[in-house]
Colleague: 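Following this message is one structure expressed as structure tokens.
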Amino acid sequence: QVQLVESGGGSVQAGGSLRLSCAASGYTVSSNCMGWFRQAPGKEREGVAAIGRDGSTRYADSVKGRFTISKDNTKNTLYLQMNILKPEDTAMYYCAAVRDGWCSWLLSSKGRIVESAFGYWGQGTQVTVSS
């Protein structure tokens, strides 16, 4: 079965950086679409970044220019490099992988990351950014 295990979360001061990792098993990162989501208290879960099979990427407006999603096919691992972190970035971050054959449903007509396209989820890693 598919397993996604996140790591790299922690506490950092505003302006700092963190790199999240998502180690996948039972699922080939190179041939599938994956993404990162986050959820802060009192807010809905938000699609932060996604990466397609061809390496193309999409980002939420709130993180564009600061976050970078990437993957290492050799290690079968997904990454999220987070720079210039802000207190509003504080949230639980989740690694997710699309359902088999669902890459075409990754984005909505407005270009937003579609949560329902993702069928596999990690347990999450907490990111806390202090002022």
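Worth knowing before you read on, the calculation uses all heavy atoms, side chains too, and leaves out hydrogens, waters and symmetry mates. Since the structure is predicted, the reported quantities are computational estimates derived from the model, not experimental observations.
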Colleague: Any pair with a residue in residues 47-59 that passes salt bridge (Lys or Arg N to Asp or Glu O under 4.0 Å), sequence neighbours left out, goes on the list, sorted by first then second residue, please.
Modeller: none
Colleague: Are L4 and M34 packed together at the side-chain level, in the sense that at least one heavy-atom pair is separated by less than 4.5 angstrom?
Modeller: yes
Colleague: Counting neighbours of CH2 on W121 that are heavy atoms of other residues, nucleotides or ligands and sit closer than 6.0 Å, is the number greater than 12?
Modeller: yes
Colleague: Sorted by first residue and then second, give each disulfide bond (SG atoms under 2.5 Å apart) pair with at least one member in residues 38-70; sequence neighbours left out.
Modeller: none
Colleague: If you take all heavy atoms of M82 and L20, which pair is closest and at what distance?
Modeller: CE-CG, 3.7 Å
Colleague: Which residues pass the side-chain contact (heavy atoms from CB on, under 4.5 Å) test with A14, sequence neighbours left out?
Modeller: P87, V129
Colleague: What pairs meet the disulfide bond (SG atoms under 2.5 Å apart) rule with one or both residues in residues 90-131, with sequence neighbours excluded?
Modeller: C22-C95, C33-C103
Colleague: Taking the side chain as every heavy atom from C-beta outward, state whether I113 and F37 have any pair of such atoms under 4.5 Å apart.
Modeller: yes
Colleague: Just jot down the salt bridge (Lys or Arg N to Asp or Glu O under 4.0 Å) partners of E115, sequence neighbours excluded, or say none.
Modeller: R45
Colleague: If we ignore hydrogens and angles and just use 3.5 Å, is the side chain of D72 paired with the main-chain N or O of K75 as donor and acceptor?
Modeller: yes
Colleague: What residue pairs, at least two apart or across chains, pass ring-ring contact (aromatic ring centres under 6.0 Å, His included) with a residue in residues 9-29?
Modeller: Y27-Y120
Colleague: Measure the shortest side-chain to side-chain distance between L106 and V114 over non-hydrogen atoms and say whether it is less than 4.5 angstrom.
Modeller: no
Colleague: Sequence neighbours left out, what passes ring-ring contact (aromatic ring centres under 6.0 Å, His included) with Y93? Give chain and number order.
Modeller: none
Colleague: Which heavy atom in V29 sits nearest to a heavy atom in A24, and how many Å separate them?
Modeller: CG2-CB, 3.8 Å
Colleague: Just by modelled atom types, is the Y79 backbone N or O under 3.5 Å from a matching donor or acceptor in the W36 side chain?
Modeller: yes
Colleague: Taking S108 for its side chain and K110 for its backbone only, find out whether a donor-acceptor pair lies under 3.5 Å.
Modeller: yes
Colleague: Any chance you could measure L78, atom CG, to E6, atom CD, to the nearest 0.5 Å?
Modeller: 9.5 Å
Colleague: Decide whether I51 and V2 are clustered together by the hydrophobic rule: side chain heavy atoms of Ile, Leu, Val, Met, Phe, Trp, Tyr closer than 4.5 Å, transitively.
Modeller: yes
Colleague: Shortest non-hydrogen contact from Y94 to G122?
Modeller: CD2-O, 3.7 Å
Colleague: Does anything in residues 40-91 pair up under disulfide bond (SG atoms under 2.5 Å apart), and if so which pairs, sequence neighbours excluded?
Modeller: none
Colleague: Would you verify whether the NZ or CZ of R99 falls within 45 degrees of the ring axis of F118 while also being under 6.0 Å from that six-membered ring's centre?
Modeller: no
Colleague: Side-chain polar contacts of residues 62-69 - donor-acceptor pairs under 3.5 angstrom, sequence neighbours left out - could you list them?
Modeller:
unit_1 : atom_1 : unit_2 : atom_2 : d
S62    : OG     : R38    : NH2    : 3.3
S62    : OG     : E46    : OE2    : 3.3
K64    : NZ     : D61    : OD1    : 3.4
R66    : NH1    : I84    : O      : 3.0
R66    : NH1    : D89    : OD2    : 2.7
R66    : NH2    : S62    : O      : 2.9
R66    : NH2    : D89    : OD1    : 3.0
R66    : NH2    : D89    : OD2    : 3.4

Colleague: Applying side-chain hydrogen bond (donor to acceptor under 3.5 Å, both in side chains), can you list everything that pairs with N83, at least two apart in sequence or on another chain?
Modeller: S17, Q81
Colleague: Would you list the pairs meeting ring-ring contact (aromatic ring centres under 6.0 Å, His included) in which at least one residue belongs to residues 3-24, sequence neighbours left out?
Modeller: none
Colleague: With T128, which residues qualify under side-chain contact (heavy atoms from CB on, under 4.5 Å), at least two apart?
Modeller: S11, T90, Q126
